[in-house]
Amino acid sequence: MYHTLERRLIQQVRDFLRRTYDLDLPRIVVEQPPKVELGEYAMPLAFELAKKLRKAPRKIAEEIVAGIGPIAGFEKLEVAGAGYINARLQRGEVAAALLADENPKLDVPSGKILVEHSSINPNKAAHIGHLRNAILGDTFVRSLRFAGREVDVQNYIDNTGVQVADVVVGFLYIEKKTRAEVEALAAQPKFDYYCWDLYARVSQWYEQDKQNAQTRLQTLHEIEAGGNETAAIAELISVAVLRRHLETMDRLDIEYDFLPRESEILHLHVWDAAFAKLKDAGVLFYETEGKNKGCWVMQRAGTGKKPETAESAADHAGDADTTKDAQAQNNDDVNGHSEVETERVSEEDQKVIVRSNGTVGYVGKDIAYHMWKFGLLGRDFNYRKFYLYPNQHQCWISAIAGEKEHPHFGDVAEIYNVIDARQSEAQNTVIEALRGLGHNEAAEHYTHFSYEMVALTPRCAAELGYQLSEEDKARPYIEVSGRKGFGVKADDLLDRLIASAKNEVDQRHPQLQENERRDIATRIAIGALRYFMLKYTKPSVIAFDFKDALSFEGDTGPYAQYAVVRATNIFRKGGFDPETFTRQSAKHLSAENFARHFEGAEGTEIWELWLAAAKTAYVVEQCIATTEPAYLAKHAFQLAQLFNYFYHRHPILNEADPERKQFLLATVAVVRRELMRSLAVLGITVPAVM
RNA sequence: GCGCCCGUAGCUCAGCUGGAUAGAGCGGCAGCCUCCGGAGCUGUAGGUCGGGAGUUCGAAUCUCUCCGGGCGCGCCA
């Protein structure tokens, strides 16, 4: 609603400028005035135009306001301050449309989007760092779907790497377990916890004796080769831990569509296909001397000559039709590359893709995987059903021998990879490889959804019983380390949140059944956790502390949930169903009915609440454009805050004037609906009572 | 050494692609249950936006520089 009106306003202003001054502004900035009394939109464009038109800003603003004519949905434009143009909405009309839930269909870009998130090593329990990743990713997926986009969710499983090998080493060489014994353990409920502890012990074991590193290497090779006892045990472990990860994430309503595994990248020769193309395009070159002698290497992203001049960068930003430019530029790049090859890339700027022993490293496999994602490889995985969610949603996994019937994965238009900021260089290298292959459009639609890690406050670390050095105690935060077994496990945190919420619910609602109380507590716990992980913007390191995470008051998920519960209570005690009420009153209340109630200081106060409610879709769009879900968390909180203020000031069920009562109820209904929608995109549901 | 990120109230963080008196939560202090009302509400104190220079009609926001902190730079993943 808010977005549509803004676009209409911009269009009108743009037309006017073209008509009157023969001017075309690339961007017309629209913001909100400091107070609603001044209008709903503010445009400072007169300041910008002052120089071009050689007139005072105020004069220009007056000309625009006088000449622009009527705009649908708007009451009027007016000049404010030194030259702001403020626009006022027809409050009644906007409110009537919002109550009726009229959402003009925006043109949704076609093409499937692939979001990769979680990607947890399947060798130990998931921890709070993984939770941030999964919650960010899942919320982004929900945002895209809310905006009408088709999305596939993938969770990449590195089941043949050193991390899995380490746990295998633990079982075979420290605990000296047989395959059958490992199998029995893997069937136990908290197998991921068992592995968590074992993994930490293996790290210590490596330190004890240099010889042990040899065992590790050998184990890794056996797993990569496949078709042997060690590989079978690795498979058994990684699948069991993976299942646990899916269960943990399902507790938070996080689901996946497809789990591509590294073992299939290896065994289905996905890499071989990519390798041939990379060599042909000259992206990879063979090093004949120095420390990387005998390796296939690639120029590391962000090193060497600057490929883009300031001029071409400006072209990119300004031109809507970038594809052709990009394509042309890419050809230059290819030529540039072959020159570089002869010039030779310095050792420091080389990234080894294929080792001198012929094995391919992580980045190489990732390049192949991403070529597959964009449908550029000419090969596909085989697929097998893996996990059926309680809601009957089917999650698929890659396999050597697959099932005949399966959905089509890959071959998408855009991708988003939710991976923490530490991997930005590796991600950029993959993007550069795509560009080097001539797939510039793919590279343009490749987004590294980068975020910062979750660390622990020194106090939290001490609380968990870890010995801290004096140096550590002085740090703002301490990094989680799976290798040391140092961190907060996802299930533990969730259990603790549920227990804490349950304690409150038990006290507040002793009359309810145990299972009802448990359901309420679970929703509150998930609301608290998801909101906690989303309220910080991505570049901010979260210094985790139980005190903050377990808080249910103030800027938290439960605060927003509680606002919805209050809204629901009004309808319940008034004897209406909120949805039915909304439908009926949308028919009866006209724009004129509404307008009356938005007059005066008190009316403006209520209007502010409607305006905030109108912004949900707009904020979701903003989250997508900036890959920043935190804006939506902020929106939900602000909406809840405004509602609580309104709730406190207006006795609704006791309102004597029936028409006004209906208006107030409509206000509650709309805010409730928009708040629930916002929370749903955040992955938060609302309990019946709190 | 090179690259990326951060520095805003006592603490934790917002501040949308530069725009009108810099906001919120927590904590502190003082208050609010006749009602759909306490996981809530109101009020109050608290800020050289790390320092300096520059661009601009206008800078927390852009550029440079310095200070302080974090992360990355492997024939690991």
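Order of the sequence lines fixes the chain letters, A, B, ..., with proteins taken first and strands second; residue numbering starts at 1 for each chain. These numbers come from a predicted model, not from an experiment.
- For the pair A:E224 CD and B:A77 C1', the interatomic distance rounds to 11 Å; values are reported in whole Å.
- Close to B:C32, at under 4.0 Å from its OP1 or OP2, lies no side-chain N or O of A:R649.
- A:R496 forms a cation-pi arrangement with A:F546, by the criterion of a distance under 6.0 Å to the ring centre and an angle within 45° of the ring axis.
- Put simply, A:R355 has a side-chain N or O that comes within less than 4.0 Å of OP1 or OP2 on B:A77.
- Taking 4.0 angstrom as the limit, A:R566 places none of its side-chain polar atoms (N or O) nearer than this to OP1 or OP2 of B:G40.
- Going from atom CD1 of A:I478 over to atom P of B:G70 covers 12 Å, rounded to whole Å.
- Taking the P atoms as reference points, B:G25 lies 35 Å from B:G72, given to the whole Å.
- At least one side-chain nitrogen or oxygen of A:K291 sits closer than 4.0 Å to the OP1 or OP2 atom of B:C75.
- In this structure, OH of A:Y531 is placed 12 Å from P of B:A14, rounded to the nearest angstrom.
- For a distance-only test at 3.5 Å, the side chain of A:D366 fails to qualify as a donor-acceptor partner of the base of B:A77.
- The P atoms of B:U42 and B:G7 are separated by 29 Å, rounded to the nearest whole Å.
- Following rounding to the nearest Å, A:Y536 (OH) and B:C5 (P) show an atom-to-atom distance of 22 Å.
- Projected onto RNA chain B by closest heavy-atom contact, A:D548 and A:A42 fall at different nucleotides, the more 5' of which corresponds to A:D548.
- B:G28 and B:U44 make up a base pair, with Watson-Crick or G-U wobble contacts both under 3.5 Å.
- Residue A:Y362 has no polar side-chain atom (N or O) positioned under 4.0 Å from OP1 or OP2 of B:C75.
- The nearest whole Å value for the distance from the CD atom in A:Q638 to the C1' atom in B:G23 is 9 Å.
- The gap from the C1' atom of B:A30 to that of B:G46 amounts to 16 Å, rounded to the nearest Å.
- If you take CG of A:D420 and C1' of B:G70, they are 13 Å apart, rounded to a whole angstrom.
- Using a cutoff of 4.0 Å between basic side-chain nitrogens and carboxylate oxygens, A:E425 and A:K351 are not scored as salt-bridged.
- Applying the 3.5 Å distance criterion, the base of B:C73 shares no donor-acceptor pair with the side chain of A:E425.
- Nucleotide B:A39 is matched to nothing when pairs are restricted to Watson-Crick or G-U wobble geometry with both distances under 3.5 angstrom.
- Distance A:I223 CD1 to B:C76 P: 16 Å, rounded to the nearest Å.
- Taking side-chain N and O atoms only, A:K51 has a distance below 4.0 Å to OP1 or OP2 of B:C57.
- Here the side chain of A:H448 pairs no donor or acceptor atom with the backbone of A:V418 at under 3.5 angstrom.
- Rounded to whole Å, the distance from CG on A:L38 to P on B:U21 is 12 Å.
- A donor N or O paired with an acceptor N or O is found under 3.5 Å between the base of B:C75 and the side-chain atoms of A:S356.
- Side-chain N/O atoms of A:Y362 and A:D158 include no donor and acceptor closer than 3.5 Å.
- For A:Y562, a side-chain nitrogen or oxygen approaches OP1 or OP2 of B:G38 to under 4.0 Å.
- Rounded to the nearest Å, the gap between the C1' atom of B:U56 and that of B:C64 is 16 Å.
- For A:R300, no side-chain nitrogen or oxygen approaches OP1 or OP2 of B:C73 to under 4.0 Å.
- Side-chain N/O atoms of A:Y199 and A:R483 include a donor and acceptor closer than 3.5 Å.
- Contact annotation: A:Y559 reaches the phosphate of B:C41 (side-chain N/O to OP1 or OP2, under 4.0 Å).
- Judged by the 6.0 Å and 45° rule, A:K535 forms no cation-pi pair with A:F637.
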